[in-house]
Novice: 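Here it is, the structure, as structure tokens.
Quick note: numbers below take in every heavy atom, side chains included, and nothing from hydrogens, waters or symmetry partners.
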Amino acid sequence: MGDFFVSFYFDSVYVLFFLTANFRVVGFPGQRMSRPLHRGARISGSNGSNNDLWDSQMKEKTEKEELDRRGSDQSYFALRFPFRLLLPDNSTPKNGIAENGFASDSLLVGSPRIRQRITMLILKLSLVLIVILALTGSFWWAISISTTSRGHIFRGYRRLQEQLVLDLWDIGELSLGSSRLKELEFCPQDFENHVPCFNVSANLALGYSDGSEYDRVCGHEPRQNCLALAPLNYKIPLRWPTGRDVIWFANVKITAQEVMSSGSLTKRMMMLDEEQISFRSASLMFDGIEDYSHQIAEMIGLRNESNFIHAGVRTILDIGCGYGSFGAHLFSNELLTMCIANYEALGSQVQLTLERGLPAMIASFSSKQLPYPSLSFDMLHCARCGIDWDQKDGIYLIEVDRVLKPGGYFVWTSPLTNFQGVLRTKERKKMGNFFRDFADKLCWEMLSQQDETIVWKKTSKRNCYNSRKPGSGPSLCSKNHDVESPYYQPLQACIAGAQSRRWIPIEERTSWPSRANLNKSELALYGLHPEEVADDTDNWKAAVRNYWSLLSPLIFSDHPKRPALLEARKSVWVMNVVPTNGPNYLPLIMDRGFVGVLHDWCESFPTYPRTYDLVHAAGLLSLEIGQQRRCTTLDLFSEIDRLLRPEGWVIFRDTAPLIESARALTSRLKWDARVVEMESNSDERLLICQKPFFKRQAIQS
């Protein structure tokens, strides 16, 4: 049905255009053909007397009006009835003599009127013949289309649809006047560190409480498309790995008092001078992070933290991560640590961790599930994270169990863990008893406890849940509620993931980096074949090399912001953002040992401004255009601008019409942009943009 519509659509356009052109041509000659008859009438009346001349002139005038009327009527009917000229003209006298005395024999070839009729007849017959041939050819062409050619036509029709949508969009933009085409204005100063969807005071006013005021709530504040400026004394971050341990004080929202008073295990740092903050995560003299990591490895049964990978640990979720010191230390051992913490208007853990170039995002354990699939992380770490695990009947521990892979580890460091110590209290003893009992109901095994740190191991066996006493713990979630990737759904009081096909203990998975290449049986869970994944991997390796070759001439080799695009000896991490309105590959991404998150791009991303060096969007424009438009492309671009650091880069990869339309929009965001053609695929283009560095003092002056 779609193929028929396509062929009909193309032929309709062709025939309509052709008919329109011929209608315009046919109409004008039909009006000019009556004029030679009037001149002939005037010549025939010139041989009479004056009275006859007067009568002849009057008669000529009458005949002229009559002929004009007949000529116009004839032209009109000629258009409506193309075959009328094939019939004899009933208005001609039977004796063959016209009223003006001239012969009007229908077979007289030299007559101007006959020439008019012959010309009209030829034109109309040609028109009918062309229409018949066009329709017949279209019919047989549509029948003879092969399966392969139908696919090409469908893609061509899809491109026509995209172009039509873009044309209508452009017309709509233009119809709104020049005000819609002007550059976006800069945001007010209070937007320097603004994060939409996180407004604690507004949530309290709406009735949120008991920790849910820290939740992500979108849609209650109007969207403002403006360009957020960097703070007054903002500086480009230092080049990695120096920028991991030293950041500019003016780039984050924190006071000197907070810097000097941070004395916890993962927050401790010192200010070098008035402009920089130094994190001594690698120094035994200051933080002891190395000793702490070594201690956790020994409690698991490993020699040191460099052996985490051999025990199946690759991805770690650090809850309440401080300022990312734990993840920064493990990064050198090829461990990928994702930091999550509540939104904080001042002294944000997430903002400072991201400023150091480490993975982090805003997330809360209060009332909603985390935007990760079940069975996502190899280890969860909580060092004085401030969560009361014994509250709400242990529902927070159930969420930990949901995102933890089979055989994974939960590490909790807190003074509250000293359940049997000298300083134990009644409340602390009560919490300890609850934690031990509930961990048993979740089929966790306590491996070891040293000082303030306890390590639990999640079961690797599914039958453990069935071996529990009836009614002695949370039930298993039904298949309808055990969703792979919840998007900020309410916390569930049931155990998720136990019925998943992805239940594979971490000790049975290959260690990193071989883990990135799933075996045949693992790929079969997603309906994929090794050949498909291998081809996709090769294509993206080539794409990354092309990106690097394109960006390298644009960035000086000693520039601190030069991106590292997965080449040898280049340290980089990628936040894989999977759109909620597209195919969900996030479980596959997490199983390969990478990190990612689900996101609706009509909402704001859960992070602070100026947190990413490069944004890469492949096919995102096509995905958003093909869906019901809940937001505009300008909304999407302004959000990307908020995420980008000054002098950061954006790479869009999409179809040529969408790229050209997007390029016209980049000028409104003051981006420097250029379109690059791709040699391998002529249907796609690259749009490479750079965000300028606008300084607030320059703008204000």
Side-chain angles (χ1 to χ4, degrees), residues 244 265-266 281-284 286-322 324-339 358-359 375-385 397 400-401 403-414 417-418 435-436 439-440 442-461 464 503-519 571 573 590-595:
R244 178 192 60 192
L265 178 65
T266 58
S281 59
S283 173
L284 295 175
F286 290 91
D287 255 357
I289 291 296
E290 185 173 348
D291 284 343
Y292 175 67
S293 303
H294 190 84
Q295 176 187 352
I296 295 175
E298 289 181 338
M299 294 172 70
I300 292 176
L302 305 174
R303 183 176 181 180
N304 52 49
E305 62 271 25
S306 62
N307 297 118
F308 275 138
I309 284 182
H310 303 296
V313 177
R314 156 66 178 172
T315 56
I316 301 172
L317 183 65
D318 195 1
I319 307 168
C321 58
S325 297
F326 183 66
H329 174 67
L330 296 179
F331 196 86
S332 59
N333 294 314
E334 298 187 84
L335 299 176
L336 200 53
T337 304
M338 171 64 70
C339 159
L358 300 169
L375 318 179
S376 287
F377 294 93
D378 306 313
M379 177 185 287
L380 266 73
H381 174 255
C382 165
R384 302 178 184 178
C385 57
L397 290 174
V400 169
D401 182 87
V403 298
L404 196 59
K405 279 182 170 22
Y409 304 95
F410 176 58
V411 181
W412 183 27
T413 299
S414 171
T417 60
N418 190 10
F435 210 116
R436 280 193 298 268
D440 290 338
L442 293 174
C443 289
W444 290 3
E445 176 190 1
M446 191 176 79
L447 296 182
S448 178
Q449 178 174 2
Q450 293 184 18
D451 301 327
E452 297 181 347
T453 302
I454 303 179
V455 178
W456 278 275
K457 180 179 176 65
K458 179 177 176 176
T459 183
S460 299
K461 302 177 180 179
C464 175
W503 182 282
I504 302 176
I506 62 173
E507 55 266 22
E508 296 180 12
R509 294 182 180 271
T510 56
S511 59
W512 181 265
S514 299
R515 180 171 166 182
N517 303 313
L518 301 182
N519 58 42
S571 299
W573 65 273
M590 305 296 281
D591 286 350
R592 296 182 65 190
F594 304 112
V595 293

Novice: So how far is it from His381 NE2 to Ile316 CD1, rounded to the nearest 0.5 Å?
Specialist: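 Reported value, rounded in 0.5 Å steps: 8.5 Å.
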Novice: Not counting sequence neighbours, which residues clear side chain to side chain contact (heavy atoms under 4.5 Å, CB included) with Ser448? List them please.
Specialist: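 For Ser448, the residues satisfying side chain to side chain contact (heavy atoms under 4.5 Å, CB included) (neighbours in sequence not counted) are Met299, Gln450.
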Novice: Could you list the residues that satisfy ring pair (Phe, Tyr, Trp, His ring centres under 6.0 Å) with Phe377, not counting sequence neighbours?
Specialist: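 Ring pair (Phe, Tyr, Trp, His ring centres under 6.0 Å) check on Phe377 returns Tyr372.
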Novice: Side chains of Leu447 and Trp456, heavy atoms from C-beta outward: is any pair under 4.5 Å?
Specialist: no
Novice: Can you list everything that forms a salt bridge (Lys or Arg N to Asp or Glu O under 4.0 Å) with Asp591? Sequence neighbours excluded, please.
Specialist: Lys405, Arg502, Arg509
Novice: Side chains of Ile296 and Glu305, heavy atoms from C-beta outward: is any pair under 4.5 Å?
Specialist: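 Heavy-atom side-chain distance check fails, nothing below 4.5 Å.
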Novice: Does a side-chain heavy-atom distance below 4.5 Å link Thr413 with Tyr292?
Specialist: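 Yes; the side chains approach each other to less than 4.5 Å.
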Novice: Check side-chain hydrogen bond (donor to acceptor under 3.5 Å, both in side chains) between Asp378 and all other residues, then give those that pass, not counting sequence neighbours.
Specialist: Thr315, Arg515
Novice: On a heavy-atom basis, which atom in Gly324 and which in Leu358 lie closest, and how many Å separate them?
Specialist: O-CD1, 3.5 Å
Novice: Could you tell me which non-hydrogen atom of Ser414 sits nearest to which non-hydrogen atom of Arg384, and how far apart they are?
Specialist: CA-CG, 4.4 Å
Novice: Step by step, work out the side chain to side chain contact (heavy atoms under 4.5 Å, CB included) result for Tyr409 and Leu404.
Specialist: CA-CA 8 Å; Tyr409 304 95; Leu404 196 59; 5.9 Å; no
Novice: Evaluate side chain to side chain contact (heavy atoms under 4.5 Å, CB included) for Trp412 paired with Thr453, printing each intermediate quantity in order.
Specialist: CA-CA 6 Å; Trp412 183 27; Thr453 302; over 6 Å; no
Novice: For the residue pair Phe331 and Trp573, is the inter-centroid distance of their aromatic rings smaller than 6.0 Å?
Specialist: no
Novice: Do you know which two heavy atoms are closest between Pro505 and Ser460, and how far apart they sit?
Specialist: CG-O, 3.7 Å
Novice: Quick one: do Lys458 and Glu445 make a salt bridge, cutoff under 4.0 Å?
Specialist: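 Looking at Lys458 and Glu445, the cut-off is not met.
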Novice: Would you say the rings of Phe410 and Trp444 are close, in the sense that their centroids are separated by under 6.0 Å?
Specialist: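 Under 6.0 Å, so yes.
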Novice: Check side-chain hydrogen bond (donor to acceptor under 3.5 Å, both in side chains) between Asn517 and all other residues, then give those that pass, not counting sequence neighbours.
Specialist: none
Novice: Let me confirm one number: the CG-CG distance from Leu380 to Leu317, rounded to the nearest 0.5 Å.
Specialist: 4.5 Å
Novice: When you measure from the side chain of Ser293 to the backbone of Ile289, do you find a donor-acceptor pair of N or O atoms at a distance under 3.5 Å?
Specialist: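 Present.
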Novice: So, using side-chain hydrogen bond (donor to acceptor under 3.5 Å, both in side chains) as the criterion, who are the partners of Ser306 when residues are at least two apart?
Specialist: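 For Ser306, the residues satisfying side-chain hydrogen bond (donor to acceptor under 3.5 Å, both in side chains) (neighbours in sequence not counted) are Asn304.
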Novice: If you round to the nearest 0.5 Å, how far is CG of Asp318 from CG of Leu330?
Specialist: 9.0 Å
Novice: Please enumerate all residues that pass side chain to side chain contact (heavy atoms under 4.5 Å, CB included) together with Glu334, with sequence neighbours excluded.
Specialist: Ile309, Arg314, Trp512
Novice: Under the salt bridge (Lys or Arg N to Asp or Glu O under 4.0 Å) rule, collect the residues that match up with Glu507, sequence neighbours excluded.
Specialist: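 Residues passing salt bridge (Lys or Arg N to Asp or Glu O under 4.0 Å) with Glu507: Lys457.
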Novice: Under the salt bridge (Lys or Arg N to Asp or Glu O under 4.0 Å) test, which residues partner Glu298, sequence neighbours left out?
Specialist: none
Novice: Name all residues meeting the side-chain hydrogen bond (donor to acceptor under 3.5 Å, both in side chains) criterion together with Thr337; count only those two or more places apart in sequence or in a different chain, and write none if there are none.
Specialist: none
Novice: Taking only residues two or more places apart in sequence, or in another chain, which ones meet Ala297 in a side chain to side chain contact (heavy atoms under 4.5 Å, CB included)?
Specialist: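 Here the qualifying residues are Leu302, Phe308.
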Novice: Rounded to the nearest 0.5 Å, what separates atom CG in Leu375 from atom CD1 in Ile506?
Specialist: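 Interatomic distance, Leu375 CG to Ile506 CD1, rounded to 0.5 Å: 12.0 Å.
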